[in-house]
Amino acid sequence: MFDINTLPRLIRRDIEHGESNFPPIPEAVPEVVEFDPSWKRQWLAARARVRQEGPTYASLDAKQQRYFARYLAVVGLAELEMIVLGCSYAATHYDMPAAWRTCLLKQAYEDMQHAASYITRGCKLSGEDYWSGMADVPYRENIAKTYHPILRRDLGGFFAAIGLHTEAYPAETNILEPFALDPVLVRWMPNEIQEEAGHLTFLYPAMREYLHTGTPEEQDRCKRQMVADNETLLETAMEANRRNAETFVVGRLGMDPAVMEAFAHLPERTRYIFRTIGIEEHYWPQYLRDSL
């Protein structure tokens with residue numbers, strides 16, 4: 001059985017504080033959210049969900065409640081393995097300005113808090129202790145197979161794996177409905193989205209600078225590699241996310257299949273991202289140019 005007192009005090013205090021002290025929700029859209037149209041849309045939807053009652057954890061049947069608790073835990077554990085450790089890896093292994101290292105460690109810290117909240121809420125709702133991992137869910141193997149070969153290659157690989165696929169694309173494809181079932185997480189959703197959008201205020205300019213530094217030949221190579229990495233991740237990581245959402249969020253939790261419509265917007269989102277970070281159209285895959 002899960003007992004929060006078994007957690008180290010260093011994180012237990014933050015978790016306990018967050019479960020009883022909710023952030024204010026401003027009337028105006030925060031400036032960092034205005035920075036990206038997809039995160040702005042997510043923020044407005046999250047604010048509306050806080051203000052309007054909807055389905056809750058208590059409305060799920062016993063089997064769905066267990067599925068939901070495990071879902072939260074897996075999301076949190078995967079975020080620790082992928083984003084938190086990914087940012088820490090890049091900050092300690094790749095050459096970059098000190099300001100960039102600071103931003104990456106801040107991102108790691110904020111996403112660590114998100115991950116800890118998901119895991120702990122899953123534990124509290126189910127009564128099970130997921131902090132030691134979940135041996136019957138291959139989240140670590142999947143991350144090692146899809147993200148690590150690109151993330152651990154070089155700084156450009158990190159930007160593709162983390163900058164694009166855990167920060168820029170989720171602004172379009174994050175499915176908020178499951179998290180809104182939990183009375184604690186739903187109150188934190190606008191604040192979490194604001195933090196995620198804030199990460200892009202660093203990542204977008206940093207990726208643009210990375211892609212436009214060096215000789216023309218070096219810039220050409222970096223842009224071509226970024227596009228190739230993105231296609232690989234769309235075919236592996238993104239497709240896995242889509243299948244999991246269809247199977248679990250819709251199939252097991254019973255969410256409205258309309259939540260899957262976000263994945264239809266991937267070409268439009270890709271064009272927006274490439275324009276923002278300065279990858280010119282002649283580098284784009286043909287299907288992105290054909291659908292203009």
Would Asp182 and Lys124 satisfy salt bridge (charged side-chain N to carboxylate O under 4.0 Å, His left out), going step by step from the backbone distance to the final call? CA-CA 11 Å; Asp182 182 79; Lys124 284 198 167 186; over 6 Å; no
Check Ile277 against Leu211 and note the closest heavy-atom contact, atom names and distance. O-CD1, 3.6 Å
Verdict with supporting geometry, Arg221 and Glu217, salt bridge (charged side-chain N to carboxylate O under 4.0 Å, His left out): CA-CA 6 Å; Arg221 178 189 61 78; Glu217 292 76 16; over 6 Å; no
Salt-bridge contact Glu128-Arg66 (side-chain N to carboxylate O under 4.0 Å): yes
Quiz question: by atom type and distance under 3.5 Å, do the side chains of His17 and Asp14 form a donor-acceptor pair? no
Is the ring pair His93/Tyr89 parallel, tilted or perpendicular, if the boundaries are 30 and 60 degrees? parallel
Fit a plane to each ring of Phe179 and Tyr118, take the angle between them on a 0 to 90° scale, and name the class: parallel (under 30°), tilted (30 to 60°) or perpendicular (over 60°). tilted
I'd like to know if the side chain of Arg208 and the backbone of Thr276 have a donor-acceptor N/O pair within less than 3.5 Å. yes
Nearest heavy-atom contact between Met255 and Pro178 is CE-CA, 3.7 Å
Do we see a donor-acceptor contact under 3.5 Å between the side chains of Glu167 and Gln107? yes
Given the rule that I, L, V, M, F, W and Y join up when any side-chain heavy atoms are under 4.5 Å apart, are Leu164 and Trp100 in one cluster? yes
How about Tyr287 and Glu231: does a side-chain donor come under 3.5 Å of a side-chain acceptor? yes
Less than 4.0 Å between a side-chain N and a carboxylate O, is that true for Glu177 and Arg49? no
Linked, directly or transitively: Val74 and Trp131 (ILVMFWY side chains, under 4.5 Å): yes
If the plane angle is over 60° it's perpendicular, under 30° parallel, otherwise tilted; pick one for Tyr57 and Phe68. tilted
Between Phe263 and Arg242, is there a cation-pi geometry (under 6.0 Å to ring centre, at most 45° from the normal)? no
Glu268 side-chain N/O to His265 backbone N/O, donor-acceptor pair under 3.5 Å: no
So, the side chain of Arg101 versus the backbone of Tyr94: is there a donor-acceptor pair under 3.5 Å, distance only? yes
Okay, side chain of Trp284, backbone of Ile279: is any donor-acceptor separation there less than 3.5 Å? yes
Specify the closest pair of heavy atoms between Ala197 and Val32, including all atoms of both residues, with the distance to one decimal. CB-O, 3.5 Å
Residue pair Tyr130 / Gly122: nearest heavy atoms and the distance that separates them: CE1-O, 3.6 Å
Would you say the side-chain atoms of Tyr169 and Asn241 include a donor-acceptor pair closer than 3.5 Å? no
